[in-house]
Amino acid sequence: MTVITVKTKAFLDQKPGTSGLRKKVKQFQVQHYLENFVQSIFSAVEFPENATLVVGGDGRYYNKEAIQTILKMAAANGIKRVLVGQNGLLSTPAVSNLIRKYECVGGIVLSASHNPGGPNGDFGIKFNAANGGPALERVTDSIFTVTKSITEYQILESDDIDLHTLGCSSLGDMEVEIIDPVIDYVKMMEDLFDFNAIQTMIAGGFSIKFDAMHAITGPYAKAIFEERLGAEAGSVINAVPLTDFGGGHPDPNPVYAKTLVEHMFSETAADFGAASDGDGDRNIILGKGIYVAPSDSLAILTANAHIAPAYKNGISGAARSMPTSMAVDRVAADLGVPCFETPTGWKFFGNLLDANQITICGEESAGTGSDHIREKDGIWAVLLWLNILAVTQKSVKQLTTEHWRKFGRNYYSRHDYEGIDKAAANKLMNDLRSKLDQFPGRCFGLEQIQKADDFEYCDPTDNSVTSGQGVRIIFESGCRIVFRLSGTGTDGATLRVYLERYEGDISRTELETQDALAEMILIADQIADLSTLTGMDKPSVIS
Ligand code: VG1
Ligand code: CO
């Protein structure tokens, strides 16, 4: 087997977005496209000798082909050993755990998460560092710099590796170990939560419906909820990972997880419902007749985390991404711990977690996690909910409504305008940015703007500054509208409008969300001229 050097030409569009490089599968299949990016990782990151890497993906179309290429390139670039999930499968949280547990130098995750898959769908690649978390911006920036001037890459000439048989083999001088993707993850969950309490609750008749959306969480969910915790067979639906996710979007929101949501609002609803996304790092939570907004879920988990063994000594702090509702801020204040506000994307939580400044964090987009790893973790959130329900003997609805009664309710919704014209989206954002100075003091009905800015974050642990993270319009009443463009889409642009209103009157905490936000929805349209600039009279997804 020989290492060969292949001449290539740079592609200028390999800038990683919110979570790695995401493009159409067809783009990744263009000759040298994947190889260029992979070589840029190996060239930009200085790996020590004897380095072990983790490689795996969410099973989408092109996963296995990409893994074969990455393995041959890793061998050619002097990596000593690679742990690969069997059949190329590993959820994002499982990768994070493996990197930490086996002290690896990092990992390469093949996933475009919630984006659709299949030959005409999306593919993605992301580098995680030795702490198990998504590479920091300065690392993704240096990878991007290399992609712009790359002229050649190294690859081992060899046959494909068998990804199915567990155990070790060699690829040139590199050792490849095919590992069970689930075992280590289950072990970690057993260490964090009171499985006995959950098992007893389930044995007592508590029913679960978990929608794996034909994506990576299926095998993990079956092993944990059905085999380990005793939930009835069939509690996990859409459990087999498919390369095209059955044609759906593996995005756990009320639109794409419609079947589950309808079930949870039906006569025959289970006691607990949940769904995860393409790569297993997100979650939505439902109870009989109730959908828990992800921002509320973060607040509720933060308020009750101490019930689970892993957090019995309390939490050091909490964090949320900027557009996430401020419900968790109230909980942190009540607990007397700090609450940090970071830009969108999990990479911004890593430093805070490493410095033990926070224990729990989350995003409005249905990602929640803790210091157990450095990624958001869908099944972790489900188990923390189950642990809390098992100990408190409360229903999802009871726990949620009691939370609102104690803290008030941050009515919250995200309106997405997907696949709009890029130029129009940029114009909309630029118009808003150019008007920031004129906003304070302006009135819309009874609402007056107090402050408007383009969010900028200074990381308190390393003082790195990230700017341009979304336009915030904050009202005297505490209401808030945020406008930002998605950094994960591959079709045109996606505008996200985040709407929030706090209700402190506890007799008014059970209104319909969109009704409670009606005025903010109207104001958002007036401020940004949404319908004209997006060419849509309503958002494509409301979550
Ligand atoms: C979206 C979400 C963001 C999340 C990101 C990656 O980003 O809004 O909260 O961190 O996806 O999640 P954007 O830029 O499209 O708004 V995942 O589950 O794709 O790894
Ligand atoms: Co994801």
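Every number for a ligand or one of its atoms is a count from 1 in the order of the listing.
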List the protein residues in contact with ligand 1, where contact means a heavy-atom separation under 4.0 angstrom. Thr18, Ser19, Arg22, Ser113, His114, Asp277, Asp279, Asp281, Arg282, Thr344, Gly345, Glu363, Glu364, Ser365, Lys376, Arg414, Arg484, Ser486, Gly487, Thr488, Arg496
Let me know which of Tyr185, Phe210, Trp380, Phe225 forms a ring pair (Phe, Tyr, Trp, His ring centres under 6.0 Å) with Tyr220. Tyr185
Is there a donor in the side chain of Tyr311 and an acceptor in the side chain of Ser370, or the other way round, less than 3.5 Å apart? yes
Between Ser321 and Thr344, a side-chain donor and acceptor under 3.5 Å: no
Asp279 and Ser113 side chains, donor-acceptor separation under 3.5 Å: yes
Could you work out, with salt bridge (Lys or Arg N to Asp or Glu O under 4.0 Å) as the rule, every residue matching Asp329, not counting sequence neighbours? Arg320
Which of Phe123, Tyr61, Tyr62 passes ring pair (Phe, Tyr, Trp, His ring centres under 6.0 Å) with Phe28? It is Phe123
Let me have the donor-acceptor pairs involving side chains of residues 253-260, under 3.5 Å, with sequence neighbours excluded, atom names and distances please.
unit_1	atom_1	unit_2	atom_2	d
Asn253	OD1	Val255	N	2.9
Asn253	OD1	Tyr256	N	2.8
Tyr256	OH	Glu418	OE1	3.4
Lys258	NZ	Glu262	OE2	3.4

Locate the shortest heavy-atom distance separating Ser325 from Asn410; write the atom from each residue and the value. OG-CB, 3.8 Å
What I want to find out is whether Glu364 reaches Arg496 closely enough, with some N-O distance under 4.0 Å, to be called a salt bridge. no
Within less than 2.8 Å of the Co ion (ligand 2), the count of protein N, O or S atoms comes to 4
